[in-house]
Enquirer: 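My questions will all concern the structure given below.
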Amino acid sequence: MPISINNNLSPIQAAKNRQNGASLQAPSFGAGQHADKKADQKEIIAPLQDNQNTGALGITNPNQAVNTGGNITGPNQAYIQGIGAVPSGYFLPGEGDGHASEDHIIKKTPLTGPKIAADKLAKSIFVYAPKGMQGSKNSNFYEHLSMSTIPRIIGSIGLIATSVAANKFFNPSDSKAAKIMSKNTVAGVLLYAGMKWASNKIMNAGTHAITGVDPDMPYVKFVKELPENGKEKVMTEYHKVFESIDFPRLDLLYKMGEEQGNRHYFWDKIAEKKFGIKEPLNASDQDVQPLIDKAFVKSRAAGTISSFIWAATGVALAAQESFTKFMNYHDLAKPGILQRAKDFPKSVAKTLKNSFVELWKGSTPASSKIGKGLIIASIASTVLGLINVKRGYKLDTEPSKSKIDYTKDYVEN
């Protein structure tokens, strides 16, 4: 005898199920039975969809979901009489571009990087740290990595504060010299971080130019957290498509290609621009992606090495006389705020240039050797790193030269 779950549902519920396309046609078992009869239909209940109206489904029970304008907003499960507990629907308002709550690649602009950095820093202080201190089951590795910015900032401020705080313990004549050294410490901290950041950006920009793929390609990820205190939350995280060499988000690249009408659009474009292949490849993703992975491994290794060499060079630049004068510009010239702001970019560029010259020449033969070594090593680590990325980044388009010798016998055992 055919079984219908709809026997336990109200007419409204059954109509809703049919409207959602949740019915399956059962096969007939007798010659006198007809497939179009309702008795031969086996209907099942589909999980609640994102924007389903739970009021029309007659959800009851103490765990009843709340319907706000057609969107279920918790609790964690809804209950349908005769069916039991089913997952509650959860609809997220989209950010535009028609992606709603799906992970998707973000269009990169000059403000994308600062926006992501500000988001991570703000959430690290006001969201991730409190969650971790409370032992939240929703704390994850992304939050752990994001919070690494906090000790760096605190450590830098502590180093500067320690240097400045010691000034008051010197006599007036020594205090002036200590104050100058304190400002050089500030410059050293800033140049350490600045040079390290700049070297990574140069390496990534060079890799992008060579491979046609941006290592910093960003995407937004939506994470539905486990319920806490009867509430469901969806958090947004900012990642890079190629932040994992082992597990890059190629699915997002396929999705981006499908929006262009070609699933392999991303790899076809690289094959054409970087390898000069005009005709579409049979499987461009399988041909090109291994080369991208190999290039990115080289780029990341070279970037890690060069970033610390450049950071050391930055500290050495901060110790030069030009930066000493720059950091004491206010005390020497007594300019107004507007004038200082106007002169700042030009003054920084001039100071950096002069500091490089002073570091190269050095005040003694020994310091000259050290300075030249730092500058040469910094430049060489970046240039050689990019040359290594370029090496081997080519697609073999030559036809196979192997041939079959038809004069030999073929024997099948």
Side-chain angles (χ1 to χ4, degrees), residues 105 108 110 112-114 116-117 145 148-149 152 188-219 238-250 253 266-267 269-276 287-320 348-349 352-353 355-357 359-360 368-396:
I105 296 173
K108 195 173 179 181
T112 301
I116 293 175
L145 293 178
S148 64
T149 306
R152 293 173 186 170
V189 170
L190 294 177
L191 285 177
Y192 177 92
M195 287 293 187
K196 193 174 181 182
W197 172 84
S199 68
N200 277 318
K201 289 300 179 183
I202 293 171
M203 182 63 67
N204 288 344
T207 301
H208 187 187
I210 293 170
T211 65
V213 185
D214 184 6
D216 291 327
M217 183 186 296
Y219 76 92
Y238 292 99
H239 295 265
K240 297 175 183 178
V241 174
F242 294 97
E243 69 185 358
S244 170
I245 298 298
D246 296 319
F247 305 102
R249 288 299 304 269
L250 302 185
L253 297 176
F266 178 80
W267 295 276
K269 184 179 177 181
I270 295 173
E272 179 183 355
K273 290 190 174 182
K274 297 302 175 181
F275 304 123
D287 292 330
V288 177
Q289 188 58 45
L291 296 176
I292 295 174
D293 294 339
K294 186 177 180 180
F296 276 15
V297 170
K298 295 178 180 180
S299 174
R300 193 164 297 179
T304 301
I305 296 171
S306 67
S307 65
F308 284 102
I309 299 176
W310 276 107
T313 303
V315 174
L317 291 174
Q320 303 306 308
V348 169
L352 277 173
K353 177 185 174 183
S355 294
F356 268 108
V357 173
L359 180 61
W360 181 269
S368 176
K369 291 179 180 179
I370 294 174
K372 290 177 180 178
L374 278 174
I375 294 174
I376 293 173
S378 299
I379 297 174
S381 63
T382 300
V383 174
L384 293 177
L386 292 175
I387 291 175
N388 191 40
V389 170
K390 177 65 175 176
R391 186 173 60 90
Y393 191 73
K394 57 183 178 180
L395 197 61
D396 186 11

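In this chain, numbering begins with 1 at the start of the sequence shown.
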Enquirer: Write down the atom of R152, the atom of S148, and the distance for their closest heavy-atom approach.
Expert: CG-O, 3.4 Å
Enquirer: Are any non-hydrogen side-chain atoms of T382 and I309 less than 4.5 angstrom apart?
Expert: no
Enquirer: Drop me the distance from I202's CD1 to W197's CH2, to the nearest 0.5 angstrom.
Expert: 9.0 Å
Enquirer: Taking distance alone, no hydrogens or angles, what donor-acceptor pairs closer than 3.5 Å link side-chain atoms of residues 287-296 to residues at least two apart or in another chain?
Expert:
from, atom 1, to, atom 2, distance (Å)
Q289, OE1, W267, NE1, 2.8
Q289, NE2, D293, OD1, 2.8

Enquirer: Where do S299 and T207 come nearest, in terms of heavy atoms and distance?
Expert: OG-OG1, 2.8 Å
Enquirer: Could you pull out all residues at least two apart from A316 that satisfy side-chain contact (heavy atoms from CB on, under 4.5 Å)?
Expert: L359, L374
Enquirer: Can you see which heavy atom on I270 is nearest to which on Y393, and at what distance?
Expert: CG2-OH, 3.7 Å
Enquirer: Can you tell me how far the OG atom of S307 sits from the CG atom of N200, to the nearest 0.5 Å?
Expert: 5.0 Å
Enquirer: For K369, does the NZ atom have more than 12 heavy-atom neighbours from other residues, nucleotides or ligands under 6.0 Å away?
Expert: no
Enquirer: Between K298 and R391, what is the shortest heavy-atom contact and its length?
Expert: NZ-O, 2.8 Å
Enquirer: List the steps, then state whether side chain to side chain contact (heavy atoms under 4.5 Å, CB included) holds for L191 with L352.
Expert: CA-CA 10 Å; L191 285 177; L352 277 173; 4.3 Å; yes
Enquirer: Is the NZ atom of K353 crowded by more than 12 outside heavy atoms at less than 6.0 Å?
Expert: no
Enquirer: Under the side chain to side chain contact (heavy atoms under 4.5 Å, CB included) criterion, do I375 and W310 qualify, and how do the steps go?
Expert: CA-CA 8 Å; I375 294 174; W310 276 107; over 6 Å; no
Enquirer: If every non-hydrogen atom of K196 is compared with every non-hydrogen atom of A311, which pair is closest and at what distance?
Expert: CB-CB, 4.2 Å
Enquirer: Looking at every non-hydrogen atom in both residues, tell me the closest pair between P218 and T112 and how far apart they are.
Expert: CG-CG2, 4.1 Å
Enquirer: With heavy-atom distances below 4.5 Å as the criterion, would you say the side chains of L253 and I105 are in contact?
Expert: yes
Enquirer: Might you work through the side chain to side chain contact (heavy atoms under 4.5 Å, CB included) test for T313 and M195, ending with a clear yes or no?
Expert: CA-CA 8 Å; T313 303; M195 287 293 187; 5.7 Å; no
Enquirer: Working to the nearest 0.5 Å, report the span between CD1 of I387 and NZ of K390.
Expert: 11.5 Å
Enquirer: For A302, which residues count as a side-chain contact (heavy atoms from CB on, under 4.5 Å) partner, sequence neighbours excluded?
Expert: M203
Enquirer: What's the spacing between L317 CG and F356 CZ if we round to 0.5 Å?
Expert: 4.5 Å
Enquirer: Out of curiosity, L395 CG to K274 NZ, how far, rounded to the nearest 0.5 Å?
Expert: 14.0 Å
Enquirer: Which value, rounded to the nearest 0.5 Å, describes the distance between S378 atom OG and F308 atom CZ?
Expert: 13.0 Å
Enquirer: Below 4.5 Å, heavy atoms only, C-beta onward: do H239 and R249 meet side chain to side chain?
Expert: no
